Amino acid sequence: MLCDASFMPESPRRASAAVSVLADTRASASFAPHFMSDERKSLEQRNAMTDIERLRHSAAHVLATAILRIWPDAQFAAGPPVENGFYYDLDMAHRITPEDFPRIEEEMKKEIKANNVFERTVVTRAEAIAMAESGRLGGLSERPGNVSKFKIGNLADIPEGEEISLFRNGDFLDLCAGPHVMRTGNIGAFRLTHVASAYWKGDEKNPQLQRIYGTAFKNKTQLEEYFTMLEEAKKRDHRKLGKEMELFTFDDDVGPGLPLWLPNGTVLIEELEKLAKETEFAAGYDRVRTPHLARENMYLTSGHLPYYAESMFPPMELIEQHDKEQKNKLEKEYSDVLQELLSLQDQHGPDFSKSVLFDPAPERPEAKRYLKLTEHERELESALLKLGDRYYLKAMNCPHHHKIFGALPRSYRDLPLRLAEYGTCYRYEQSGELMGLMRVRSMQMNDAHIYCTEAQFEDEFRAVNEMYLKYFRIFGFEKYQMRFSTHDPAKLGQKFVDEPALWKKTEDMVRSVLIKSGINYVEVANEAAFYGPKIDVQVWSAIGKEFTIATNQVDFAVPARFGLNYRASDNTQQTPLCIHRAPLGTHERFIGFLIEHYAGNFPLWLAPEQVRVITIGVEEPLVAYARGIVEELRAQGVRAVGDYGTDPMKAKIADAEQRKVHTMLVIGGRDLEAGNVSLRLHGKGNIGAKPRNEAVADILTAIKERRA
RNA sequence: GCCAGCGUAGCUCAGUGGUAGAGCAGCGGUUUCGUAAACCGCAGGUCAUGGGUUCGAAUCCCAUCGCUGGCUCCA
């Protein structure tokens with residue numbers, strides 16, 4: 001598959017066990033999500049639970065106990081601790097809503113007050129199955145006719161030879177590896193937080209269960225602190241600040257996930273582009289521009305179609321009516337042919353098609369049929385291509401850039417060729433996945449594709465990494481995780497291009513760049529792109545959601561698919577390697593993250609309104625002086641605004657502070673006389689008087705240096 | 001896409017079957033001020049949209065759209 005979707009920083013990758021270890025050690029652990037591994041945890045791993053996880057896991061059992069007292073038919077699936085709390089998945093006739101929480105919490109309190117011991121017993125598999133069949137597992141008593149169906153499923157996942165343990169608190173008995181706190185009374189403070197639905201074992205083919213989330217702490221103070229912290233986090237949520245600061249908006253008539261950038265937000269976009277353009281120019285990139293859409297055929301070449309079609313907006317058809325009817329007919333025929341081909345392959349085994357295609361004189365009737373069909377398939381394909389056009393909005397920029405590379409004959413002397421574009425892409429994300437600016441359907445990527453020789457690769461890759469770090473220093477990012485995704489040799493030829501030597505070589509190169517640069521990273525096997533290893537940069541939003549903010553990927557497979565080549569010094573034709581990189585991700589997600597990172601208090605160079613000149617009074621000489629300062633600043637490209645109105649000074653300051661204006665120059669009669677301005681910085685209060693020229697020079701320097 | 005909750009003025013919210021409200025922002029006046037909010041007034045709403053129940057619906061029911069949380073997806 002070409003152009004791994006995960007290349008697009010819009011795609012947060014699935015959390016991995018490896019990340020969870022690091023996530024837990026980060027300074028910001030309170031907001032870092034805890035990742036449950038996809039794999040079943042071993043007993044050893046489970047026993048490594050922290051004290052608070054133990055407590056929360058125990059709270060899940062108490063939750064189940066309480067629910068059974070109210071709804072005895074409930075069947076429970078899994079109830080693990082998660083970062084900041086716990087949940088229990090269950091199935092029952094009653095649909096739980098938050099209105100049920102007080103009742104449930106009452107019952108939970110009773111169970112905690114009873115201070116029952118969590119008592120562990122080891123049973124044989126047969127005993128456990130017998131208890132599940134009588135409905136006893138995950139129940140308060142035997143429940144004839146109400147089999148503990150999910151517990152039977154869980155039992156099946158426990159490997160032979162591993163101990164099967166049960167935990168009992170009061171009447172509630174559950175299949176559980178533990179560990180738990182000693183007694184229910186050890187659960188100091190808890191609260192149920194929300195209900196959700198979840199597929200059993202996370203598989204959407206399985207039935208949906210009701211999931212109840214809660215949180216628990218050692219004591220009430222910690223619980224309250226947690227909720228206070230959540231409130232604080234919500235204040236810096238980019239959706240809230242984006243509205244308050246008039247950065248962006250969404251409109252139903254425009255469509256979900258399609259942000260409209262207001263003037264203030266557009267300032268952020270343009271400042272970022274300026275930074276990117278300067279940086280990329282200095283690093284030897286060439287800028288290109290490409291259309292927002294392309295013909296179907298390109299995406300057949302790239303491989304986006306049909307595999308990626310679900311994530312693309314449906315195509316625009318440019319086709320005459322009579323051709324359309326013809327096309328529909330041919331498409332129907334084509335799909336019938338494909339179906340028959342597939343069923344022949346199914347009937348006659350996996351090597352059937354090979355054996356037929358390589359047999360010079362196939363005699364078997366099914367082989368003859370197969371050959372006839374494949375010939376017909378090709379005819380239909382070419383007939384279809386001749387009938388009308390389909391245009392797709394681009395989901396990625398790489399195919400367009402590959403076409404630019406291929407547009408001219410290339411020599412090794414042209415390499416490395418670095419093509420950069422803030423390209424606009426469109427992805428049809430599922431409606432439930434949209435989230436403010438963090439997950440959208442239209443996005444502008446800080447994209448570039450670097451075409452280079454193998455010999456150049458390491459230097460190029462290192463330079464890209466250094467660019468990341470340079471950016472992160474400018475923004476003062478500290479809380480991020482570099483994730484190095486490698487392939488799994490067992491899946492060569494399926495999930496990954498079958499080029500073991502190139503995999504090894506590029507992975508070694510990437511690893512060595514990381515180590516030499518002293519970058520702290522986690523390595524995750526089996527998460528690479530189809531076409532090569534990659535590094536994703538993971539960050540966490542204010543409310544603790546993980547996102548890929550930037551990405552850097554190696555591609556040693558796709559250029560060949562596009563027939564890209566260059567003339568090497570020995571006069572042979574060679575295929576270039578390609579690096580896909582987006583250090584500033586997409587405007588949408590990057591700015592979403594920046595808003596939260598700065599809590600809306602942008603540094604001077606980014607601030608939508610950089611300077612506000614406030615007069616104390618409305619006397620003409622004062623206003624003229626203030627106006628002169630504003631004009632001088634604006635002439636130098638500073639976003640300065642004057643407030644010469646009749647409001648009292650304190651009100652003007654309050655207004656500027658609320659709008660998070662970075663620098664306020666307050667001017668009264670005293671300043672006018674001395675040729676000064678009184679400097680006030682947002683959130684920092686009054687700094688004091690300064691000569692006007694000095695203040696202006698300082699502002700210009702701070703902007704130029706992109707000072708934090 | 002799935003499950004649940006929510007949708008009242010530009011923003012934050014009150015109103016739970018009987019005449020749509022407040023604060024802030026906006027606009028018009030008055031006020032002429034030294035570091036986070038002077039005073040008075042005005043205007044602003046098909047209560048997301050469509051249908052239903054009812055003498056009467058912002059309020060109850062159904063559908064649609066959107067947002068939020070979670071799940072799934074993210075090749």
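Source: prediction; values computed, not measured. Lettering follows sequence order; numbering is per chain, from 1.
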**Student:** Quick check on the 6.0 Å ring-centre criterion: do A:H587 and A:F248 meet it?
**Tutor:** no
**Student:** Kindly give the heavy-atom pair with the smallest separation between A:F590 and A:G585, and that separation in Å.
**Tutor:** CD1-N, 4.5 Å
**Student:** Looking at residues at least two apart in the chain, or sitting in another chain, which of them share a side chain to side chain contact (heavy atoms under 4.5 Å, CB included) with A:N297?
**Tutor:** A:L300, A:L385
**Student:** Select from A:R680 and A:A309 the residue whose nearest nucleotide in RNA chain B is closer to the 5' end of that strand.
**Tutor:** A:R680
**Student:** In whole Å, I'd like the distance from the CG atom of A:L434 to the C1' atom of B:C73.
**Tutor:** 12 Å
**Student:** Taking pairing as Watson-Crick or G-U wobble with both contacts under 3.5 Å, can you name the mate of B:U35, or confirm there isn't one?
**Tutor:** none
**Student:** May I ask you to decide whether A:K660 forms a salt bridge with A:E244, counting only side-chain N to carboxylate O separations under 4.0 Å?
**Tutor:** no
**Student:** Across the strands shown, which category fits A:S678 at heavy-atom distances under 4.0 angstrom: base, sugar-phosphate, nothing?
**Tutor:** base
**Student:** Name all residues meeting the salt bridge (Lys or Arg N to Asp or Glu O under 4.0 Å) criterion together with A:K690; count only those two or more places apart in sequence or in a different chain, and write none if there are none.
**Tutor:** A:D698
**Student:** Pairing check on B:G5: which nucleotide meets the Watson-Crick or G-U wobble criteria with it, both distances under 3.5 Å?
**Tutor:** B:C67
**Student:** For B:A63 versus B:C2, give the span between their P atoms, rounded off to a whole number of Å.
**Tutor:** 13 Å
**Student:** Quiz question: going by heavy-atom distance under 3.5 Å, is there a donor-acceptor pair between the base of B:G34 and the side chain of A:D671?
**Tutor:** yes
**Student:** Base, sugar-phosphate or nothing for A:N686? Non-hydrogen atoms, less than 4.0 Å.
**Tutor:** base
**Student:** Where does B:U16 land, syn or anti, given syn is within 90° of 0?
**Tutor:** syn
**Student:** Let's see if you get this right: which residues in residues 616-624 of chain A place a heavy atom under 4.0 Å from RNA chain B?
**Tutor:** A:I616, A:G617, A:V618, A:E619
**Student:** Rounded to whole Å, please give me the gap between CG in A:N264 and P in B:G10.
**Tutor:** 19 Å
**Student:** Tell me what A:R211 touches on the nucleic acid: a base, only sugar-phosphate, or nothing, going by heavy atoms under 4.0 Å.
**Tutor:** sugar-phosphate
**Student:** Tell me whether the side-chain N/O atoms of A:K545 come closer than 4.0 Å to OP1 or OP2 in B:G70.
**Tutor:** yes
**Student:** Using nucleotides 39-50 of chain B, report all nitrogen or oxygen pairs with the protein that are shorter than 3.5 Å.
**Tutor:**
none

**Student:** Given the P atoms of B:G7 and B:G15, what is the spacing between them in whole Å?
**Tutor:** 11 Å
**Student:** Looking only at atom P, what distance separates B:U49 and B:C24, rounded to whole Å?
**Tutor:** 27 Å
**Student:** Please list, chain by chain and in numerical order, all residues satisfying salt bridge (Lys or Arg N to Asp or Glu O under 4.0 Å) with A:E499, sequence neighbours excluded.
**Tutor:** none
**Student:** Round to the nearest Å and state the distance from A:D643 atom CG to B:A25 atom P.
**Tutor:** 13 Å
**Student:** Listed by chain and number, what are the side chain to side chain contact (heavy atoms under 4.5 Å, CB included) partners of A:E619, not counting sequence neighbours?
**Tutor:** A:P621, A:L622
**Student:** Please give, in whole Å, the distance from B:A36 C1' to A:I687 CD1?
**Tutor:** 15 Å
**Student:** Classify A:P648 by what it touches in the nucleic acid, base, sugar-phosphate, or nothing, heavy-atom distance under 4.0 Å.
**Tutor:** base
**Student:** Spell out yes or no: do the side chain of A:R439 and the base of B:C74 have one donor N/O and one acceptor N/O closer than 3.5 Å?
**Tutor:** yes
**Student:** What pairs with A:T486 under side chain to side chain contact (heavy atoms under 4.5 Å, CB included), at least two apart in sequence or on another chain?
**Tutor:** A:F484, A:E507, A:R511, A:E523, A:A525
**Student:** Looking at every strand, decide which applies to A:G685 at a 4.0 Å heavy-atom threshold: base, sugar-phosphate, or nothing.
**Tutor:** nothing
**Student:** Looking at every strand, decide which applies to A:G436 at a 4.0 Å heavy-atom threshold: base, sugar-phosphate, or nothing.
**Tutor:** sugar-phosphate
**Student:** In the structure shown, which nucleotide is the Watson-Crick or G-U wobble counterpart of B:C24, with both distances under 3.5 Å?
**Tutor:** B:G10
**Student:** For a quick check of understanding: with a heavy-atom distance under 4.0 Å over all strands, which category does A:R239 fall into, base, sugar-phosphate or nothing?
**Tutor:** sugar-phosphate
**Student:** Check salt bridge (Lys or Arg N to Asp or Glu O under 4.0 Å) between A:D498 and all other residues, then give those that pass, not counting sequence neighbours.
**Tutor:** none
**Student:** Quick check on ring pair (Phe, Tyr, Trp, His ring centres under 6.0 Å): which of A:F86, A:F190, A:Y226 does A:F217 satisfy it with?
**Tutor:** A:Y226
**Student:** Just to confirm, is there a sub-4.0 Å distance from OP1 or OP2 of B:U12 to any side-chain nitrogen or oxygen of A:K240?
**Tutor:** no
**Student:** Check the distance between B:C74's P and A:R483's CZ and give it to me in whole angstrom.
**Tutor:** 14 Å
**Student:** Could you measure between the two P atoms, the one in B:G44 and the one in B:C6, and give it in whole Å?
**Tutor:** 31 Å
**Student:** Check the distance between B:G69's C1' and A:Y87's OH and give it to me in whole angstrom.
**Tutor:** 15 Å
**Student:** Taking the P atom of each, how far is B:A20 from B:A48, in whole Å?
**Tutor:** 15 Å
**Student:** With a non-hydrogen cut-off below 4.0 angstrom, is A:Y213 in contact with a base, only sugar-phosphate, or nothing?
**Tutor:** sugar-phosphate
**Student:** Which part of the nucleic acid does A:K243 contact within heavy-atom distance under 4.0 Å: base, sugar-phosphate only, or nothing?
**Tutor:** sugar-phosphate
**Student:** Can you tell which of A:Q75, A:Q208, A:Q210, A:K149 makes a side-chain hydrogen bond (donor to acceptor under 3.5 Å, both in side chains) with A:D91?
**Tutor:** A:K149
**Student:** Give every residue pair that meets the side-chain hydrogen bond (donor to acceptor under 3.5 Å, both in side chains) criterion with at least one member in residues 662-679 of chain A, sequence neighbours excluded.
**Tutor:** A:D671-A:S678
**Student:** When rounded to the nearest Å, what value does the distance between P atoms of B:A57 and B:C47 take?
**Tutor:** 12 Å
**Student:** Can you tell me how far P in B:A25 sits from the matching atom in B:G10, rounded to whole Å?
**Tutor:** 16 Å
**Student:** List every contact pair, protein side and nucleotides 1-6 of chain B side both N or O, where the distance is under 3.5 Å.
**Tutor:**
unit_1 : atom_1 : unit_2 : atom_2 : d
B:G1   : OP2    : A:S431 : OG     : 2.3
B:G1   : N9     : A:Q430 : OE1    : 3.1
B:G1   : N7     : A:Q430 : OE1    : 3.4
B:G1   : N7     : A:G432 : N      : 3.4
B:G1   : N2     : A:Y199 : OH     : 3.1
B:C2   : O2'    : A:Q208 : OE1    : 2.2
B:C2   : O2'    : A:Q208 : NE2    : 2.8
B:C2   : O2     : A:Q208 : NE2    : 3.3
B:C3   : O4'    : A:S197 : OG     : 3.4
B:C3   : O4'    : A:Q208 : OE1    : 3.2

**Student:** In chain order, what residues pass the side chain to side chain contact (heavy atoms under 4.5 Å, CB included) check against A:D252, with sequence neighbours excluded?
**Tutor:** none
**Student:** Rounded to the nearest Å, what distance is computed from the CD atom of residue A:E588 to the C1' atom of nucleotide B:C74?
**Tutor:** 17 Å
**Student:** Whole Å only: how far is the CE atom of A:M435 from the P atom of B:U68?
**Tutor:** 7 Å
**Student:** Could you work out, with salt bridge (Lys or Arg N to Asp or Glu O under 4.0 Å) as the rule, every residue matching A:R441, not counting sequence neighbours?
**Tutor:** none
**Student:** Mind listing the closest non-hydrogen atom pair of A:V497 and A:A557 along with its distance?
**Tutor:** CG2-CB, 3.5 Å
**Student:** Is it the case that the base of B:U31 and the side chain of A:T646 share a donor-acceptor contact (distance under 3.5 Å, atom types as modelled)?
**Tutor:** yes
**Student:** When you compare B:C62 with B:G26, how far apart are their P atoms, in angstrom units rounded to a whole number?
**Tutor:** 42 Å
